[in-house]
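Right, one structure below, let's go through it.
Values reported hereafter were calculated over all heavy atoms of this structure, with side chains retained and with hydrogens, waters and symmetry mates removed. Residue numbering restarts at 1 for every chain, and letters A, B, ... go by the order of the sequence lines.
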Amino acid sequence: MVVSRFAPSPTGYLHLGNARTAIFAYLFARHHRGKFILRIEDTDRERSTKEFEEMLLEDLKWLGLEWDEFYRQSERFDIYREYAQKLLDNGHAYPCFCTVEELEKEREEAEKKGIPYRYSGKCRLLSKEEVEAFKREGKPFTIRFKVPDGRVVVFEDLIKGAISIKVDDFGDFVIVRSDGSPTYNFVVVIDDALMGVTHVIRGEDHIPNTPKQILIYEALGFQVPKFAHLPVILGEDRSKLSKRHGAVSVRNYREEGYFPEALFNYLCLLGWSPPNTEREIFSKEELIELFRLEDVNSSPAVFSKEKLRWLNGVYIREVLSLDRLVEEFMPFLEREGLSAEKDYVRKVLEKTRDSFETLKEGVERLKVFFVEEVSYSQEAISLLENENSRRVLELFLHKLQERDNLSGQVVKELAKEIQKELNLKAKDVWHTLRASLTGELEGVGVDIICDVMPKEKVIKRIVRALGRF
RNA sequence: GCCCCCAUCGUCUAGCCCGGUCCAGGACACCGCCCUUUCAAGGCGGAGAUCGCGGGUUCGAAUCCCGCUGGGGGUGCCA
């Protein structure tokens, strides 16, 4: 059975790059009817927090990723200790008593000479007696993995193809810190092996780690899984997407009123495209069906907020159900201090869903439907102060009284009559109505407003405008 | 510095494995027109890539080979 996993460390909000990695790993597992594991990599006690972990889970769920198994590395230290001991016993690892200061000095010297730094491996040479003596003294030590000399590790990456790395490029590396906590390169192997992970799908920044990990797999007699390294996501300036590029966490987009389906869909299109089709809109189920690692691009992609926006708009106007739209719109309305009956919101959105691309933008655009009193822009004021405007509004009110109810159809008829009777351009009539009704010179169609808003409310706004100008 | 990865319109990409149908297709953004009471949305059309550069191989190369350049990533008792 295929088993993939997503293994984030809880040191911040879910980053877009990580989200895409999670999505690909998830899609791959589901496509093969396999298992998808979520593993929290919190071995670094300094930077990991419970709060971030909760956010992470929340964001993942929001995106629509369900996992079959869940682990937390901080709860598995006993297991890691056991395997560290195993490596010590079978001679693949050794205690190292070098201090951080000593290592720092070595590194500086290497740099000064312009030669690439790697740990000298001098603690490899310590005799049993020396080790015992140091331990009795209570001298702190790390455990290092013994990297075999001259070895070239070759592996077939499912996305990049054959990759070979000379192991001499890095020295013996630490697998257990002096405080007893295990390091990433070590635990990742233990966990993936024990959890039966068959496909390690992760960012390409892990390529340099892979040979180290393969060495550990071998030293422990574990079967080496398949690897797939995804290209990174870049910002507009072509450097790795990071905080200084602005909104880069899933949470940011959620708060701006993006839909998880749209973000999911967009992220899939970054570095992957489905075979034999020019479609771009896909449901999660379709993506599961279509996704193949072979079709993932091997070059990095620049994140485009513009295109995400567009895609979100497509979801709002074409893909999502009206009910869903209403459901998600409500909290955004409330966040702006506005409120309305669900049915009313439904009526509004039914007619206007094709005119905005994020929920936040939607609330802004549709405010006029929900506020008690509109505020007038400078342009609207100068228009309403015009004598013609007064005549239009008065005539409109007068005619409105003769009608039982108001609608888009009715307002069109009335506008036409007014235009004729006052000998004005259609434009002028409409502009005046809009200004009095919305306080702005642009926005949602006046006919739509009259279709949706109660007649009394329309009258009230016009009366108020008339009274003010 | 050293190691690894990558390279098609501004951006995401199709095509590359199995060379001719590609004087390179689609999408976002951009420009114009139409629709129209405005802004969007929508419809139609346009511009935009000598396939990073230079050498080969071949009757023929975006597609195969070599070199160069550029970009990205890594180089921790972070993950």
Using a cut-off of less than 4.0 Å, is there contact between a side-chain N or O of [X] and OP1 or OP2 of [N]?
X: R238(A); N: G10(B); result: no
X: S304(A); N: C12(B); result: no
X: R118(A); N: C3(B); result: no

Task: Any-strand Watson-Crick or G-U partner of C9(B), both distances under 3.5 Å - done: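 Checking every strand shown, C9(B) finds no partner, since no pair has both distances under 3.5 Å.
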Task: Nucleotide forming a Watson-Crick or wobble pair with G32(B), both distances under 3.5 Å - done: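 The base-pairing partner of G32(B), which may sit in any strand shown, is C44(B).
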Atom [atom1] of [X] to atom [atom2] of [N]: distance rounded to whole Å?
X: D447(A); N: C35(B); atom1: CG; atom2: P; result: 17 Å
X: K305(A); N: C28(B); atom1: NZ; atom2: C1'; result: 15 Å
X: K160(A); N: G73(B); atom1: NZ; atom2: P; result: 12 Å
X: F77(A); N: C77(B); atom1: CZ; atom2: P; result: 17 Å
X: L16(A); N: U11(B); atom1: CG; atom2: P; result: 19 Å
X: K307(A); N: U13(B); atom1: NZ; atom2: P; result: 9 Å

Does [X] count as lying over the ring of [Y], i.e. NZ or CZ under 6.0 Å from the six-ring centre, within 45 degrees of the axis?
X: K307(A); Y: Y266(A); value: no
X: K212(A); Y: F170(A); value: yes
X: R144(A); Y: F173(A); value: no
X: R5(A); Y: F36(A); value: no

Under 4.0 angstrom, heavy atoms only, what part of the nucleic acid is [X] near: base, sugar-phosphate, or nothing?
X: T43(A); result: sugar-phosphate
X: V446(A); result: base
X: H206(A); result: base
X: S355(A); result: base
X: G203(A); result: nothing
X: S164(A); result: sugar-phosphate
X: A426(A); result: nothing
X: R47(A); result: base
X: S273(A); result: sugar-phosphate
X: N297(A); result: sugar-phosphate

Open item on the list: I'd like to know whether F469(A) forms a ring-ring contact (aromatic ring centres under 6.0 Å, His included) with Y376(A), so could you lay out the CA-CA distance, the side-chain angles of the two residues, the decisive distance to 0.1 Å, and finally the verdict.
Closed with: CA-CA 11 Å; F469(A) 305 105; Y376(A) 306 91; 5.1 Å; yes
TODO: Measure from the ring centre of W310(A) to the centre of the six-membered ring in the base of C28(B), then say whether that distance is under 5.5 Å and the planes meet at under 30°.
DONE: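 Given the distance and angle limits, no, they do not stack.
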- [ ] Please determine, for the side chain of S9(A), which listed nucleotide (C6(B), A79(B), C12(B)) has the closest atom?
- [x]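 Among C6(B), A79(B), C12(B), the one nearest the side chain of S9(A) is A79(B).
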Is a donor-acceptor pair below 3.5 Å formed from side chain [X] to base [N], judging by atom type as modelled?
X: S178(A); N: C77(B); value: yes
X: N209(A); N: A79(B); value: yes
X: R365(A); N: C39(B); value: yes

Open item on the list: Assuming nearest nucleotide by heavy-atom distance, tell me which of C96(A) and V232(A) is located more 5' along RNA chain B.
Closed with: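 The answer here is V232(A).
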Task: Upstream residue (5' side of RNA chain B) when D42(A) and E306(A) are each assigned their closest nucleotide - done: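 Looking at RNA chain B, the more 5' nearest nucleotide goes with E306(A).
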Please report the distance separating the [atom1] of [N] from the corresponding atom of [M], rounded so that it comes out in whole Å.
N: C6(B); M: U21(B); atom1: C1'; answer: 30 Å
N: C4(B); M: G48(B); atom1: C1'; answer: 34 Å
N: U57(B); M: U13(B); atom1: C1'; answer: 30 Å
N: G15(B); M: A62(B); atom1: C1'; answer: 8 Å
N: A24(B); M: G43(B); atom1: P; answer: 25 Å
N: C9(B); M: C22(B); atom1: C1'; answer: 14 Å

Task: Verdict with supporting geometry, D205(A) and K240(A), salt bridge (Lys or Arg N to Asp or Glu O under 4.0 Å) - done: CA-CA 10 Å; D205(A) 41 338; K240(A) 196 174 170 182; 3.6 Å; yes
Open item on the list: Under 6.0 Å between ring centres: does that hold for F134(A) and F97(A)?
Closed with: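 They qualify: ring centres under 6.0 Å apart.
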